[in-house]
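As structure tokens, the structure follows; a few thoughts come after it.
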Amino acid sequence: MTNLVNGDQILVFVVDYVLMGYGTGVIMVVPGQDQRDWEFAMKFGLLIVRTVAPPEGWTGEAFTGAGPVINSANDEISLDGLEVEQAKTRTIDWLEATGLGTRTVTYKLRDWLFSRQRYWGEPFPIVYDEAGNPIPLPETMLPVELPEVDDYSPETFAEDDVTSEPLPPLARKTDWVEVTLDLGDGPKAYRRETNTMPQWAGSCWYELRYLDPTNEDTFVDSDVERYWMGPASEGDSGGVDLYVGGAEHAVLHLLYARFWHKVLHDLGHVSSTEPFHRLFNQGYIQAYAYTDDRGSYVPADEVTEKVDGTGTTYFFNGEPVNREYGKMGKSLKNMVTPDDICDTYGADTFRVYEMSMGPLDASRPWETRAVVGSHRFLQRVWRNIVDEETGASRVTDEPADETTRRLLQRTIKRVSTDMDGLQFNTAIARLIELNNHVVKSGTTPREVAEPLVLMLAPLAPHVAEELWTWLGHDDTLAYEPFPVADPALLVEESVTCVIQVGGKLRDRIAVPPSIGDDDLQERALASEAVQRALDGRGIRTVVVRAPRLVNVVPS
């Protein structure tokens with residue numbers, strides 16, 4: 001084989017160490033830049049030419065780092081001194097210019113998800129004629145419906161049978177596989193495709209079908225897709241505004257969903273160039289899992305524990321097991337089903353607990369006993385609006401006091417910000433703070449109750465809907481606008497300024513939020529507590545961070 005760039009002859013070897021997924025056809029080895037190639041070349045005494053200069057003093061074998069290209073010159077092109085990516089580009093340009101090669105793009109999408117289903121999936125609308133030519137079925141014959149299959153067991157062959165091919169389960173249904181159809185040139189015998197697509201074939205574009213689920217003519221009407229997912233402005237990619245999913249989605253579902261969407265866009269079926277505008281990876285829910293002496297997981301809810309002077313031992317069916325901590329999952333047999341929580345506390349409690357466990361993108365431990373706290377919060381909200389003994393409304397039309405009104409507006413502002421940032425745990429904390437304030441005040445003004453219920457609705461929709469009815473509304477709150485904070489009430493009348501002497505807290509004073517440095521320093525130095533702490537000493541400097549902090553440094 002000839003190296004097209006410099007005309008040198010290249011030895012060809014058949015080896016088994018090249019990774020299956022690296023590429024197809026003939027692979028050019030570079031011993032100077034690949035350790036496995038280096039070892040192969042050393043084993044068989046082959047020439048090793050470095051193509052990237054290693055750092056000065058390099059004593060290793062293959063150098064896999066970045067550096068300038070070396071040993072590349074021929075009569076027409078020299079790449080020496082270029083970075084590797086620059087050298088690749090120049091080489092391809094030269095090969096195209098001389099007619100020796102053509103630039104191409106290699107997509108590294110795996111195709112093993114198709115035609116590899118052991119059991120079931122979407123059928124391919126393909127039949128084969130007597131010559132084995134594939135023929136797509138016309139639209140009038142769609143959809144292809146799968147038959148019932150009683151036996152999914154693998155096909156078995158005689159031990160000396162080395163020619164038979166494995167068959168999918170559908171191949172057993174010969175009355176479905178062998179079919180006579182009229183595809184426009186009279187009735188003929190055809191054979192259906194017996195492989196099936198994976199379930200991912202449907203889930204890769206389900207966000208488009210959600211837009212127009214009852215359309216029987218096309219997967220989504222173009223105007224509907226353009227309205228919901230089309231680019232909002234020039235340069236915008238369009239797509240779903242937000243996709244929340246686990247990190248594993250980034251290398252599995254989302255990779256293929258994007259590929260399918262790009263194909264649909266290139267064919268002119270969708271206006272958005274990307275399927276999803278923003279991705280947010282939520283963390284794992286974590287819990288204890290248990291393994292037996294074989295390393296197999298056992299049901300966590302059937303494990304018992306024994307505590308003695310040496311510590312805690314865990315048992316399953318009387319045998320000791322090991323405890324580990326990690327994500328919750330079916331394979332680990334440590335799942336906590338939502339049904340049990342919902343049956344005991346209700347779906348809203350379950351929702352509030354999950355969202356209050358911690359930041360959405362962080363992994364959080366599951367603690368069933370902590371669910372009670374979320375349940376009590378919803379109970380307190382209910383009791384603030386409905387009298388538990390009489391069943392009458394506790395809401396009054398009297399105006400709220402100034403402190404309550406300001407706290408409400410700060411809560412609206414912060415909850416709105418938290419919701420936009422998917423910080424549901426802090427949003428719930430703000431609502432708890434507001435609700436506790438209402439409990440202590442002993443009265444529930446309508447001007448507080450209604451925005452409180454509206455802010456609660458995304459988190460606990462069932463309770464909020466019921467309370468909205470108790471507040472005298474006949475229509476659902478689902479279409480009510482989210483509360484908007486009054487800017488005038490967000491301005492604090494005063495803030496607390498901490499005064500330190502030599503870094504130690506000595507006093508706190510209330511000051512206007514707009515106070516200047518000079519005025520704040522004057523007030524701080526006038527504090528009796530500061531004067532006592534100085535005890536006649538001079539002042540070396542005063543650090544002022546209006547309006548929250550003053551630190552007096554004695555001399």
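Judged by distance alone, the side chains of N281 and D361 never bring a donor and an acceptor atom under 3.5 Å apart. Checking T476 against E465 by side-chain atom types alone, a donor-acceptor pair falls below 3.5 Å. Side chain to side chain, E302 and Y290 fail the donor-acceptor criterion of an N or O pair below 3.5 Å. Side-chain atoms of T426 and D418 form a donor-acceptor pair, as typed in the model, at a separation below 3.5 Å.
A donor-acceptor pair is defined here as one N or O able to donate and one able to accept, closer than 3.5 Å; no such pair exists between the side chain of R545 and the backbone of L549. The backbone N or O of I341 lies less than 3.5 Å from no partner atom in the side chain of T344, so there is not a single donor-acceptor pair. Judged purely by atom type and a 3.5 angstrom limit, R506 has no side-chain atom pairing as donor or acceptor with the backbone of Q531. Side-chain atoms of T541 never come within 3.5 Å of backbone atoms of V553 as a donor-acceptor pair (strictly under, hydrogens ignored). No donor-acceptor distance shorter than 3.5 angstrom exists from the side chain of N215 to the backbone of F219, with no hydrogens or angles considered. Listed for the D241 side chain is no donor-acceptor partner under 3.5 Å among the backbone atoms of R278. In this structure a side-chain-to-backbone donor-acceptor pair under 3.5 Å is missing from Q500 to V550.
You'll find the ring centres of Y353 and W366 inside the 6.0 Å limit.
Y288 carries R323 over the face of its six-membered ring, with the cationic atom under 6.0 Å from the centre and within 45° of the normal.
A salt bridge does not link R405 with D401: none of the charged nitrogens is closer than 4.0 Å to a carboxylate oxygen.
Residues satisfying the side-chain hydrogen bond (donor to acceptor under 3.5 Å, both in side chains) test with S272, not counting sequence neighbours, are E225, H261.
The shortest heavy-atom contact between C204 and Y256 is SG-CB, 3.5 Å.
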